[in-house]
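As structure tokens, the structure follows; a few thoughts come after it.
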Amino acid sequence: MGFAVAATAVKPFLLIRANHSTALDLSSDRTGGSVSRSKKNFVFVVNPRGANGCTGREWKKLLPYLRTRLGEHCNIYESITSGPLHGVDITREAIKEGVDAVVAVGGDGTLHEVINGFFWEGQPVAALGQGLKPSTTLGVSDVLIPLGTASDFARTFSWRNDPNEAIERIQRGLKSKLDVGIITGQTGEHHFFINVADIHLSAKAGYYASKYKGFGNFCYVLGALRAFIGHESRNLKVKIDDGQWEVFHNVTAICIGNGKYFGGGMKITPTADPSSGKLEVVILQDFKWYDFVFKLHKLYNGSHISEKNVCLKR
Ligand SMILES: Nc1ncnc2c1ncn2[C@@H]1O[C@H](COP(=O)(O)OP(=O)(O)OP(=O)(O)O)[C@@H](O)[C@H]1O
């Protein structure tokens, strides 16, 4: 018997727009505009190393345009990450300061850090002095300027890796509710995800893909092929919602989707809907490297779920 796996979805309860912007003292508006309390305060969390360094270069070009488009109504604060997980701390601090929006600039890794920054010890972070606001909404359009290698989360919404379109969305201020998945660790700590959480082979593939980012989107295919080396399928016990524990044999990977895409455009959980209140679970069993190669096109178009060694659960 292998691991025990439980997947749950939570109702939307993130706050992207704090109600008040008191106590904001983010030293200086580094875009050059003067800080005005009558304006909204937007913090952009930029990963300069995203997309093999492209994110940092694109951001430098984008900033003047961003100021032109949003500067009249917003104070724009750029916060460049110094390394992995820095985005979590930046986001937490910004929310405590009462900013109106925190926007991830980069790929899914940066977005993941920003999402986790909305929480502290499993609870939503609130603006200082404002108490806990457990039933507010996450403005999808506000949360991301997709500039990563894959930017898979954006694909669920058919957003392109086009920063100008992202700024357009931010300017229009369109918002919709999003579910957030919770992963509970062995010591009971919570981690949050909004796209796809995965276990076993695909998790390893993500790790290896990070070593091949120079190949662009193809890094995920290379990462998966690398992950197959020495990989052994396991028997896993899975419980979905209030159902019974069920044993799945020879599991190669389990993917739990809130969004539809991972791995540079593979439509792994093809009917997942990030605002449905449900997660979609896809289990690959006894999936060999040659299945991956010959069925790759099916993974990209979502038709892999009709394969006999693929099981979809909601
Ligand atoms: N300053 C930094 N230096 C090195 N790594 C960083 C830095 N800031 C953030 N990171 C790490 O880089 C990882 C990858 O970043 P990100 O997801 O933005 O780009 P990507 O991997 O190219 O895009 P995608 O995930 O969409 O394929 C993040 O998970 C983050 O932990």
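In what follows, residues are counted from 1 in the order of the sequence shown. Atoms within a ligand are numbered from 1 in the order they appear, just like the ligands themselves. Just so you know, these numbers come straight off a predicted model, no measurement behind them.
- Given atom 21 (O) of ligand 1, the protein heavy atom at minimum distance is Lys213 NZ, 2.6 Å.
- For Ser82, every heavy-atom contact with ligand 1 shorter than 4.0 Å involves the backbone, none the side chain.
- Closest to atom 5 (N) of ligand 1, if we only count protein heavy atoms, is Pro84 CD, 3.8 Å.
- In terms of polar-atom proximity, Gly106 is not counted as a contact of ligand 1, lacking any N or O under 3.5 Å from an N or O of the ligand.
- Separation of atoms CD (Glu189) and NE2 (His191) is listed at 4.0 Å; rounding is to 0.5 Å.
- Closest to atom 27 (O) of ligand 1 among all protein heavy atoms lies Tyr220 OH, 2.7 Å.
- Scanning the protein for heavy atoms near atom 3 (N) of ligand 1, the closest one is Arg49 CG, 3.0 Å.
- Of the protein's heavy atoms, Ser151 N, 2.8 Å lies nearest to atom 26 (O) of ligand 1.
- Using a 4.0 Å cut-off to heavy atoms of Thr81, the atoms of ligand 1 that qualify are 1 (N), 7 (C), 8 (N), 9 (C).
- Atom CG in Leu144 sits 7.5 Å away from atom CG in Asp108 (nearest 0.5 Å).
- Counting protein heavy atoms only, atom 23 (O) of ligand 1 is closest to Thr149 N, 3.0 Å.
- Side-chain polar atoms of Thr252 and Arg234 form no donor-acceptor pair below 3.5 angstrom.
- Neither side chain, Glu113 nor Thr91, offers a donor N or O lying under 3.5 Å from an acceptor on the other.
- For the pair Gly148 and ligand 1, the shortest N or O to N or O distance does not fall below 3.5 Å.
- Below 3.5 Å of separation, one finds an N or O of Ala150 facing an N or O of ligand 1.
- Side-chain contact, Lys40 with His73: no donor N or O sits under 3.5 Å from an acceptor N or O.
- Closest to atom 19 (O) of ligand 1, if we only count protein heavy atoms, is Gly50 CA, 3.5 Å.
- Of the charged side-chain nitrogens involved, at least one lies within less than 4.0 Å of a carboxylate oxygen, so that Glu246 and Lys313 count as a salt-bridged pair.
- For the residue pair Tyr300/Lys295, the side-chain donor-acceptor check at 3.5 Å is not satisfied.
- Near Ala51, the atoms of ligand 1 lying under 4.0 angstrom from a non-hydrogen atom of the residue are 19 (O), 20 (P), 22 (O).
- Formation of a donor-acceptor pair under 3.5 Å by the Asn258 side chain with backbone atoms of Leu279 is not found in this model.
- Among all protein heavy atoms, the one lying closest to atom 30 (C) of ligand 1 is Glu113 OE2, 3.3 Å.
- Contact check on Lys288 versus Asp291 returns no salt bridge, with no Lys/Arg side-chain nitrogen under 4.0 Å from an Asp/Glu carboxylate oxygen.
- Residue-ligand proximity, Thr110 to ligand 1, at heavy-atom distances under 4.0 Å covers atoms 15 (O), 16 (P), 17 (O), 18 (O).
- Judged by distance alone, the side chains of Asn47 and Thr55 never bring a donor and an acceptor atom under 3.5 Å apart.
- Of the candidates Asn52, Val45, Asn47, the one placing a heavy atom closest to atom 9 (C) of ligand 1 is Asn47.
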